[in-house]
Amino acid sequence: MKKYLIVLSMCLLLIIGSSYVVTNYFLVRNDPVVLYTATSSENKIIQQKLKNLGYYTGNIDGILGPLSLSAIKKFQKDNGLVVDGIVGPKTATKLGISSSSSTVSSSDLYLLAKCVYAESRGEPYVGQVAVAAVILNRVKSSEFPNTIAGVIYQPYAFTAVTDGQINLEPDTTAYNAARDALNGWDPTYGCLFYYNPAKTTSSWIYSRQVVVTIGDHVFAL
């Protein structure tokens, strides 16, 4: 009887120990899947980004558990990234997150979506993302204003501002295209200009190096 109790006790200890190892393995894999240092505020940013993109449906609680992990993996798969559930530099860039950048304000997103809609509605989706990307590339360039509003409202920069179409309300597609560009998708590979050859009256624009044509727009450096 005594030997039986000893064996039973050892079995229970093994089961408890195994459960601890398994539980902590999933904690290691599921929770600290964040860029650089795992903090609640960074986790919330990741969750909010995923939720905005339709990948995450849970609470914004700063805890990257199984639901968050599933959303991260789905996002990675859809964006051609390594599907490991870890928000490293490449996944973070696609989400529009960096250790030094802050989230884009809702007013900036709204304005970017308005310009996308006004300038490129009717274009293929990738072409709408490309228009948004050009605006963001200009923000990053020393040749242009350093804000989204500054770039869009720079005199004579966009036809839609000149003719008033910028005041149209953007649709869901334009919002999604703006978000994708903000999250790092740049189908233009860094272009600062685009034009429609059938409509442009500027001879200067033809001097720019053409990189890609998407729909009716030519994108150039």
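Computed from a prediction, not measured in an experiment: that's the story for all the values here. Heads up: numbering here begins at 1 and tracks the sequence. All values below were derived from every heavy atom in this structure, side-chain atoms included, with hydrogens, water molecules and symmetry-related copies excluded.
- Checking side-chain atoms of N79 against main-chain N and O of L81 turns up no donor-acceptor pair under 3.5 Å.
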side-chain contact (heavy atoms from CB on, under 4.5 Å) for I166 and Y153? Distances and angles first, verdict last.
CA-CA 10 Å; I166 191 67; Y153 287 110; 4.0 Å; yes

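- Going from atom NE2 of H217 over to atom OG1 of T200 covers 10.0 Å, rounded to the nearest 0.5 Å.
- The list of side chain to side chain donor-acceptor pair (under 3.5 Å) pairs with a residue in residues 119-130, not counting sequence neighbours, reads E119-Y194, R121-Q165, Y125-D180.
- Looking only at distances, a side-chain donor or acceptor of S207 sits under 3.5 Å from a matching main-chain atom of W204.
- Rounding to the nearest 0.5 Å places CG of D171 at 13.5 Å from NZ of K114.
- The shortest heavy-atom contact between D186 and A133 is OD1-CB, 3.3 Å.
- Contact annotation: the side chain of V139 never approaches that of T147 to less than 4.5 Å [non-hydrogen atoms, C-beta and beyond].
- Around the CD atom of E169, the shell of radius 6.0 Å holds more than 12 heavy atoms that belong to other residues, nucleotides or ligands.
- The shortest distance between side-chain heavy atoms of V211 and L221 falls below 4.5 Å.
- When all heavy atoms of P197 and D216 are compared, the closest pair comes out as CD-O, 3.5 Å.
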Given side-chain contact (heavy atoms from CB on, under 4.5 Å), test I214 with F219 step by step and report yes or no.
CA-CA 8 Å; I214 304 173; F219 294 84; 3.9 Å; yes

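- The minimum heavy-atom distance between G96 and K49, with the atom names listed, is O-NZ, 3.7 Å.
- The main-chain N or O of V83 is never found under 3.5 Å from a side-chain atom of K77 such that the two would form a donor-acceptor pair.
- I205 is connected to Y189 through a chain of hydrophobic side-chain contacts under 4.5 Å among Ile, Leu, Val, Met, Phe, Trp and Tyr, so both are in one cluster.
- Atoms SG and OH, on C115 and Y110 in that order, are 12.5 Å from each other to the nearest 0.5 Å.
- Closest heavy-atom contact between N183 and L95: OD1-O, 2.5 Å.
- Applying the salt bridge (Lys or Arg N to Asp or Glu O under 4.0 Å) criterion to K74, with sequence neighbours excluded, gives D78.
- Scanning all heavy atoms of the two residues, the minimum distance from C191 to A220 falls at CB-O, 3.2 Å.
- Contacts of Y117 classified as side-chain hydrogen bond (donor to acceptor under 3.5 Å, both in side chains), with partners at least two apart in sequence or in another chain: none.
- Applying the ring pair (Phe, Tyr, Trp, His ring centres under 6.0 Å) criterion to F158, with sequence neighbours excluded, gives no partner residue.
- Side-chain atoms of R138 never come within 3.5 Å of backbone atoms of F144 as a donor-acceptor pair (strictly under, hydrogens ignored).
- Residues L53 and R179 have side chains in contact (heavy-atom distance under 4.5 Å, counting atoms from C-beta outward).
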Test L112 against L182 for side-chain contact (heavy atoms from CB on, under 4.5 Å), laying out the working first.
CA-CA 9 Å; L112 184 59; L182 286 166; 3.9 Å; yes

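- A single hydrophobic cluster is not seen to contain both L168 and V116; linkage of ILVMFWY side chains at heavy-atom distances under 4.5 Å, directly or through other members, places them apart.
- Checked against ring pair (Phe, Tyr, Trp, His ring centres under 6.0 Å), Y206 has the following partners two or more places apart in sequence or in another chain: Y195.
- Counting only heavy atoms from C-beta outward, the side chains of V82 and Q76 never approach each other to under 4.5 Å.
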Stepwise, does the side-chain contact (heavy atoms from CB on, under 4.5 Å) test hold for S68 with I46?
CA-CA 9 Å; S68 297; I46 291 171; over 6 Å; no

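- To the nearest 0.5 Å, atoms CG (L136) and OG1 (T188) are separated by 9.5 Å.
- Minimum interatomic distance between G58 and K51 (heavy atoms only, all atoms of both residues): O-NZ, 2.7 Å.
- Partners of Y55 according to the ring pair (Phe, Tyr, Trp, His ring centres under 6.0 Å) rule, which considers only residues two or more places apart in sequence or in another chain, are F75.
- A distance-only check finds no donor-acceptor pair linking the side chain of N59 to the backbone of D61 [under 3.5 Å].
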